[in-house]
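Residue numbering restarts at 1 for every chain, and letters A, B, ... go by the order of the sequence lines. These numbers come from the heavy atoms of this one structure, side chains and all, not from hydrogens, waters or symmetry mates. As the structure is a prediction and not an experimental result, all values here were calculated from the model.
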Amino acid sequence: MAKKLSSLIDSEVSIANEIAANDGIESIKKILTKLNPDALVRKKQIRRTGLPDLLDTENKKIILRFAPNPNGPLTLGHSRGIVLNSQFAKKYNGKVVLRFDDTDTKVKPPMLEAYKWIEEEYEWISGSPADIVIRASERMPIYLDYAEKMISKGFGYVCRCSSGEFKKLRDAGEVSPYRNRSIEENLNDWSAMLDGKMKAGEGVVRVKTPTDLPNPALRDWPALRIQHGEHPIVGKMYKVWPLLDFQSAIEDHEQRVTHIIRGKDLMDSTRKQKLLYEHFGWDYPETMYWGRVKVFEFGGFSTSGMRKSIMESEYSGWDDLRLPTIKSLRRRGFDPSSLRSFWLDLGLTQKDISISMQTIESFNIKKIDPITPRRFFVRNPIKLKMSWKGKNKKFNDILKIQNHPNSTNLDDVRKWRFNEFEETLFIENNDYIKWDKFRLKDFADVSKIDKHCKVESIERQDNRQIIHWLLESISREAVLHIPQGNNIMIHEGIIENYNLEEGKIYQFERVGFAKIENITPGKPIKLIWLHS
RNA sequence: GCUCCUGUGGUGUAGUACGGUCCAUCAUACCGGGUUUUCAUCCCGGCGACCCGAGUUCAAAUCUCGGCAGGAGCACCA
């Protein structure tokens with residue numbers, strides 16, 4: 001068949017070549033136009049844009065979930081989960097459950113403030129609040145109930161081995177000596193656990209799985225353990241707490257979650273949970289994974305690590321400019337839609353990737369550049385006296401500078417008032433060193449001798465360097481804070497003091513985008529660096 | 001060690017289910033040019049990749065096998 005096809009193609013091609021040779025390529029085009037006009041258009045491969053399709057969505061109310069641990073505020077990494085889940089929900093007209101997985105009081109204890117932070121950050125990132133918000137700690141009775149059901153039905157048991165003992169047995173291919181005890185004995189131990197008669201580490205509830213599972217990580221996995229510590233929300237009400245794999249599995253079922261999108265580090269979690277679903281006779285949700293993400297500019301940050309460093313005053317707080325937290329990104333002035341475009345562009349793949357803040361920044365620049373007003377910020381200012389070539393010449397005493405170079409509205413300007421005898425201005429030290437003749441942007445060509453500059457022409461005469469500058473009467477001290485690796489660089493300078501608003505982002509010409517964090521009378525204005 | 005996942009330019013991504021339409025898409029970065037009274041934006045052009053090897057086939061990024069590399073799980077964390 002293939003050979004026939006090939007020889008057919010060969011003969012057709014030679015016929016076509018002959019026609020082309022005799023009558024020119026145009027005649028081929030004519031024939032094709034008649035026969036099959038589509039053949040003339042070289043089909044480019046179609047680029048799939050946006051998210052891939054979710055599997056198994058027919059006749060279903062799509063429910064997704066985002067389940068952070070409230071042991072601190074959200075980081076850049078979390079935002080991927082929010083963007084992906086909320087975007088899928090939008091695509092399928094479904095809902096997202098924001099679930100706080102706060103069942104650990106010891107290793108990653110919940111932080112009370114973090115609950116409201118995260119709810120708020122979720123809304124900031126996705127553009128709308130989560131459809132449903134639940135806290136695992138408040139749904140404990142449900143989990144404990146299922147745990148008891150599991151023991152009563154014989155597919156769960158209380159194992160009193162230490163973790164070390166169990167690991168040893170498991171790796172040797174053996175089972176826990178507690179595995180085959182009666183349901184009554186297990187129920188007894190279970191109530192001892194619940195009553196607080198067993199101490200942490202003395203017992204754990206395990207899910208029975210096939211013992212010959214090739215993946216040792218899945219064999220008789222632990223579902224609940226004892227924790228006598230205090231929980232910031234429910235206090236000391238419970239002595240037994242579910243582990244993630246159990247709590248999450250039960251809650252996904254309770255919320256009728258249809259699709260789970262999670263990091264691929266949780267692949268074994270899916271496998272464990274499927275085993276549990278089989279015991280209960282439930283259908284497991286469709287699951288998709290994303291790979292590990294490393295951000296070039298930020299090393300390895302964990303929420304608990306940051307928490308510790310903040311406690312030790314290594315960082316000023318969760319919104320420290322050097323931290324990859326959502327709080328920090330917001331403080332700097334990133335637009336949430338840039339984060340969304342960024343993660344959506346990356347899509348959902350299982351590849352482990354290294355990304356650069358530069359890419360997010362480029363999305364952000366495209367977003368904010370058209371609407372960001374311009375101002376001048378002069379770092380390391382050098383004070384110059386201005387004089388006029390020839391006689392003391394009078395010019396317009398109001399200098400108008402466009403708020404934005406692409407603005408078509410001629411009234412959208414900032415105004416600098418020249419005093420009649422104003423003759424003091426500032427330029428950047430770098431420019432001072434580098435140029436003897438330059439053009440003060442939007443004003444005049446000047447030449448410089450020592451600390452004096454002479455106005456040569458209001459009109460542009462040549463293509464000398466254009467620099468930004470400031471009249472003394474419109475300047476005010478400002479300090480720009482730039483995060484750089486593990487440091488914060490401080491640039492002192494003067495800012496163009498024209499209609500400045502706290503919390504607003506400006507583009508400082510020839511410097512970059514920065515946000516005015518605060519304007520306090522008598523103090524320099526505080527600027528926070530966004531990007532160039 | 002056991003189990004699992006992933007390999008497309010500097011970075012990220014499309015294409016891979018059903019091999020040909022792919023001398024491989026788009027973005028970002030970088031380089032060059034243009035517009036611009038910002039070293040911003042915008043526009044144009046360029047650069048550069050199918051992990052390796054073998055096999056199947058007329059035809060392989062795509063299928064098979066074998067390597068190699070990177071990552072994850074094996075917590076009484078999430």
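Nucleotides B:rA49 and B:rC23, compared at atom C1', are 13 Å apart to the nearest Å. Rounded to whole Å, the P atom of B:rU25 lies 26 Å from the corresponding atom of B:rU64. B:rA75 and B:rG55 have their P atoms separated by 44 Å, given to the nearest Å. B:rC22 and B:rU11 are spaced 22 Å apart, taking the C1' atom of each and rounding to whole Å. Using atom C1' as the reference point in both B:rG19 and B:rA59, the two lie 8 Å apart (nearest Å). For the P atom pair drawn from B:rC2 and B:rU62, the interatomic distance equals 29 Å after rounding to whole Å. B:rU6 sits 15 Å from B:rC50 when the C1' atoms are compared, rounded to a whole Å. B:rU56 and B:rC65 are spaced 11 Å apart, taking the C1' atom of each and rounding to whole Å.
A donor-acceptor contact closer than 3.5 angstrom links the side chains of A:Ser137 and A:Asp102. Side-chain contact, A:Asp189 with A:Tyr178: no donor N or O sits under 3.5 Å from an acceptor N or O. For the residue pair A:Arg379 and A:His491, no side-chain donor N or O sits within less than 3.5 Å of a side-chain acceptor on the partner. No donor-acceptor contact under 3.5 angstrom links the side chains of A:Tyr289 and A:Thr349, judged on distance only.
Glycosidic conformation at B:rA17 (O4'-C1'-N9-C4 for purines, O4'-C1'-N1-C2 for pyrimidines): syn, within 90° of 0.
Comparing A:Phe513 and A:Arg206 along RNA chain B, the residue whose closest nucleotide (by nearest heavy atom) sits nearer the 5' end is A:Phe513. Residues A:Glu459 and A:Leu224 both approach RNA chain B. Their nearest nucleotides, taken by heavy-atom distance, put A:Glu459 toward the 5′ side.
The side chain of A:Pro405 approaches B:rU38 more closely than any other nucleotide in the set B:rC77, B:rU38, B:rU6. If you check B:rA78, B:rC5, B:rG71 against the side chain of A:Leu266, the one that comes closest is B:rA78. The nucleotide whose nearest atom lies closest to any side-chain atom of A:Ser354 is, among B:rA40, B:rG12, B:rU3, B:rG12. Taking every side-chain heavy atom of A:Asn406 into account, B:rA40 is the closest of B:rA40, B:rU6, B:rU3. Listed candidates were B:rA78, B:rU38, B:rU11. Nearest to the side chain of A:Lys441 is B:rU38.
Residues from residues 357-369 of chain A placing a heavy atom under 4.0 Å of any atom in RNA chain B, listed by number, are A:Gln358, A:Thr359, A:Ser362, A:Ile365, A:Lys366, A:Asp369.
A:Asp104 comes within 4.0 angstrom of the backbone, heavy atoms only, and of no base. Base engagement by A:Gly201 is indicated by at least one non-hydrogen atom pair under 4.0 Å involving a base atom. The residue A:Thr103 sits close only to the backbone: its heavy atoms come under 4.0 Å of sugar-phosphate atoms, none of a base. When heavy atoms are screened at a 4.0 angstrom cut-off, A:Leu244 is found touching base atoms of the nucleic acid. Contacts of A:Arg439 with the nucleic acid, taken as non-hydrogen atoms under 4.0 Å apart, include base atoms. At a threshold of 4.0 angstrom between heavy atoms, the contacts of A:Cys161 include nucleobase atoms, whether or not backbone atoms are also involved. Among the atoms of the strands shown, none is found under 4.0 Å from any heavy atom of A:Tyr289. The residue A:Asp442 sits close to a base: some heavy atom pair falls under 4.0 Å.
Side-chain atoms of A:Arg510 stay outside donor-acceptor range of the base of B:rA40, with no qualifying N/O pair under 3.5 Å. Residue A:Arg271 places no side-chain atom within donor-acceptor reach of the base of B:rU3, judged by atom type and a 3.5 Å distance cut-off alone. Checked by distance alone, A:Arg460 brings no side-chain donor or acceptor within 3.5 Å of a matching partner on the base of B:rU37. Counting atom types as modelled, A:Gln507 pairs a side-chain N or O with a base atom of B:rU38 as donor and acceptor under 3.5 Å.
Taking the side-chain contact (heavy atoms from CB on, under 4.5 Å) definition, one finds that A:Arg271 meets it with A:Leu218, A:Met267, A:Asp268, sequence neighbours left out.
Distances shorter than 4.0 Å separate some side-chain N or O of A:Arg225 from OP1 or OP2 on B:rC77. Phosphate proximity of B:rU13 to A:Thr349: present, with a side-chain N or O under 4.0 Å from OP1 or OP2. One finds a side-chain N or O of A:Arg170 lying less than 4.0 angstrom from the OP1 or OP2 phosphate oxygen of B:rA75. Regarding contacts with the backbone of B:rU6, every side-chain N or O of A:Lys264 stays at 4.0 angstrom or more from both OP1 and OP2.
Under the Watson-Crick or G-U wobble criterion, with both distances below 3.5 Å, B:rG45 is paired with B:rC31. Of the nucleotides present, B:rU64 is the one that pairs with B:rA54 by Watson-Crick or G-U wobble criteria, both distances under 3.5 Å. Pairing partner, B:rA78: none, since no Watson-Crick or wobble contact has both distances short of 3.5 Å. In this structure, B:rC22 forms no base pair with any nucleotide, since neither Watson-Crick nor G-U wobble geometry is met with both distances under 3.5 Å. Under the Watson-Crick or G-U wobble criterion, with both distances below 3.5 Å, B:rU3 is paired with B:rA72. Across all strands shown, B:rG9 forms no Watson-Crick or G-U wobble pair with both distances under 3.5 Å. Partner assigned to B:rC39 is none, using Watson-Crick or G-U wobble distances below 3.5 angstrom.
Ion pairing between A:Asp252 and A:Arg99 holds under the 4.0 Å rule for side-chain N and carboxylate O. Taking a cutoff of 4.0 Å between a charged side-chain nitrogen and a carboxylate oxygen, A:Asp53 and A:Lys91 qualify as a salt bridge.
Between A:Tyr143 and A:Phe246, the gap from one ring centroid to the other reaches at least 6.0 Å. A centroid separation of 6.0 Å or more is found between the aromatic rings of A:Trp416 and A:Phe443.
B:rU37 atom C1' lies 12 Å from atom CD1 of A:Ile467, rounded to whole Å. Across the protein-nucleic acid pair, A:Leu213 atom CG and B:rG73 atom P stand 19 Å apart, rounded to whole Å. Here B:rU37 presents its C1' atom at 14 Å from CD of A:Gln461, a figure rounded to the nearest Å.
The cationic group of A:Arg414 lies under 6.0 Å from the six-membered ring centre of A:Phe376 and within 45° of the ring axis, placing it in a cation-pi geometry.
Of all non-hydrogen atoms in A:Asn71 and A:Pro109, the two that sit nearest each other are CB-O, 3.4 Å.
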